[in-house]
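In what follows, a single structure is set out as structure tokens and then discussed.
In what follows, chains are A, B, ... by sequence order, proteins preceding strands, each numbered from 1.
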2 protein chains.
Amino acid sequence: MVNQIKHDREVVIQKATNLFWEKGFHATSMRNLQDHIDMRPGSIYAAFGSKEGLFKEALKCYTDANIRHMQKCQEQTSSPLEALKLFIRSIVKRQQDDAPSEVCMLVKTVSELTEDNAELLAESKRLLNMMEDGLEAVIICAQDAGEISSSSDTRRLAQFLQIQLIGLRAYIRTNKDNPCIDQLIEDTFLRLH
Amino acid sequence: MVNQIKHDREVVIQKATNLFWEKGFHATSMRNLQDHIDMRPGSIYAAFGSKEGLFKEALKCYTDANIRHMQKCQEQTSSPLEALKLFIRSIVKRQQDDAPSEVCMLVKTVSELTEDNAELLAESKRLLNMMEDGLEAVIICAQDAGEISSSSDTRRLAQFLQIQLIGLRAYIRTNKDNPCIDQLIEDTFLRLH
DNA sequence: TAGAAAAATGAACAATCGTTCAATAACATT
DNA sequence: AATGTTATTGAACGATTGTTCATTTTTCTA
């Protein structure tokens with residue numbers, strides 16, 4: 001029986017993720033969420049415990065989707081470097097599509113929250129570092145494939161790409177219809193050495 | 001008579017800027033502000049009209065301070081390129097000091113706000129573009145001084161530096177005690193061509 | 001120094017916040 | 001069909017939100 005459970009947990013979390021991603025943690029009220037995921041307060045609290053609990057699920061949902069997307073990019077080509085380019089291009093250019101925000105949700109969260117929400121802040125940092133590890137893994141693949149010099153420091157290259165991704169996405173938020181976006185992305189890879 | 005006006009406007013705005021910068025627009029309540037700037041609601045509203053009004057002043061205050069800081073860097077050396085390095089190094093490394101947040105307040109605001117606060121969002125974008133213009137002005141100086149190839153596209157270089165600044169600062173927020181920060185900054189200038 | 005003008009106060013407002021829980025509906029098992 | 005279990009509801013809670021304004025205090029002028 002498909003869709004027997006009225007509020008399929010993953011679909012609900014996905015919807016909540018989109019709203020949190022767009023509006024941020026503080027500006028998203030429980031009533032906004034109630035409307036957006038079509039659940040009443042009692043059900044939400046039974047399922048997730050608190051607003052923070054639901055947000056934590058959203059962070060996980062967002063990160064998992066990104067990791068899956070990176071894997072999809074790797075499956076599309078035998079070149080790890082090309083996979084990286086596919087990944088970064090699609091992430092950065094998703095701005096024109098239906099993404100809730102141009103800015104990475106994890107970066108947005110780390111930027112917004114303080115020690116008043118220490119657990120959520122720490123979790124966001126942890127997930128961001130996980131994403132960086134993922135970047136380094138692909139860079140190591142590229143190194144093994146001879147696409148990147150074997151003398152390069154893969155950790156530093158991963159940091160560089162992470163910084164580019166963060167910077168590019170936040171930059172595009174302030175300059176959405178900049179015609180030079182493609183140029184800026186290509187510049188990133190020209191400087192990857 | 002010094003300090004005749006009890007609440008010197010600029011000092012108050014400076015204090016408000018620090019609090020807004022640390023906590024963001026939504027997480028900063030008017031009561032937080034009342035305590036932090038030592039003013040009662042009536043006085044605040046008489047002086048600034050609204051929370052948004054005060055925040056707008058804070059954005060201006062933050063940007064002005066940054067522009068002054070860039071000018072100070074230019075006065076410290078006759079080399080425009082060295083001035084840029086001084087500026088970026090000091091901004092990025094201010095994290096260890098008393099800065100309210102590692103992240104640029106304008107980027108933080110652009111990342112946090114939506115069309116629900118359209119005016120503040122637009123103003124933040126405007127100020128960010130102003131900062132980018134400032135970067136380009138120094139790059140042009142560096143070009144005139146022969147420190148940067150005259151064939152370089154100064155607008156693109158300014159965009160590149162802007163993206164690096166945004167990315168580095170947000171990155172450092174998630175990785176505050178990373179020992180490679182200096183390396184990452186130097187990498188930025190190695191890639192500036 | 002008396003009085004007018006300006007500035008600062010803080011109690012109070014309606015609206016909204018995150019959250020709870022008794023009541024109801026839907027389901028599963030017999 | 002009856003019963004026990006689980007899921008969902010939505011009114012209501014106290015706390016907090018941004019904001020207002022009658023009152024008091026301070027400052028300036030004559």
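- For residues 162-175 of chain B, the set of pairs meeting the salt bridge (charged side-chain N to carboxylate O under 4.0 Å, His left out) definition, not counting sequence neighbours, comprises B:E102-B:R173.
- Evaluation of the ring pair (Phe, Tyr, Trp, His ring centres under 6.0 Å) rule for B:Y171 yields no partner, not counting sequence neighbours.
- For A:S78, the side-chain hydrogen bond (donor to acceptor under 3.5 Å, both in side chains) test picks out no residue, with sequence neighbours left out.
- Per the geometry, CD1 belonging to B:I37 stands 10 Å off P belonging to C:dT9, to the nearest Å.
- No side-chain donor-acceptor contact under 3.5 Å links B:E22 and A:T114.
- As a whole-Å value, the separation of A:F20 CZ from C:dG18 C1' is 11 Å.
- In the hydrophobic cluster analysis, where Ile, Leu, Val, Met, Phe, Trp and Tyr join through side-chain heavy atoms closer than 4.5 angstrom, A:I91 is grouped together with A:I185.
- For residues 69-85 of chain A, every residue pair satisfying the salt bridge (charged side-chain N to carboxylate O under 4.0 Å, His left out) rule, not counting sequence neighbours, is listed here: A:E82-A:R89.
- You'll find the side chain of B:F20 reaches within 4.5 Å of the side chain of B:L33, heavy atoms only.
- Comparing the axis of the opening five pairs of the helix from C:dT1-D:dA30 to C:dT30-D:dA1 with that of the closing five pairs yields an angle of 10°, rounded to 10°.
- Atom-to-atom, CG of A:D8 to P of D:dA7 comes out at 14 Å; the value is rounded to the nearest Å.
- As rounded to whole Å, 16 Å separates atom P of C:dG18 from atom CE of A:M39.
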Problem set entry | Nucleic acid footprint by protein, nucleotides 14-25 of chain D - heavy-atom cut-off 4.0 Å, B for base, S for sugar-phosphate alone | ---BBBBB----

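- Atom C1' of nucleotide C:dG10 and atom CD1 of B:I44 are separated by 12 Å, given to the nearest angstrom.
- Rounding to whole angstrom units, CZ of residue A:R40 and C1' of C:dT19 are separated by 16 Å.
- A:H69 and A:F87 have tilted rings, their planes meeting at an angle from 30° to 60° on a 0 to 90° scale.
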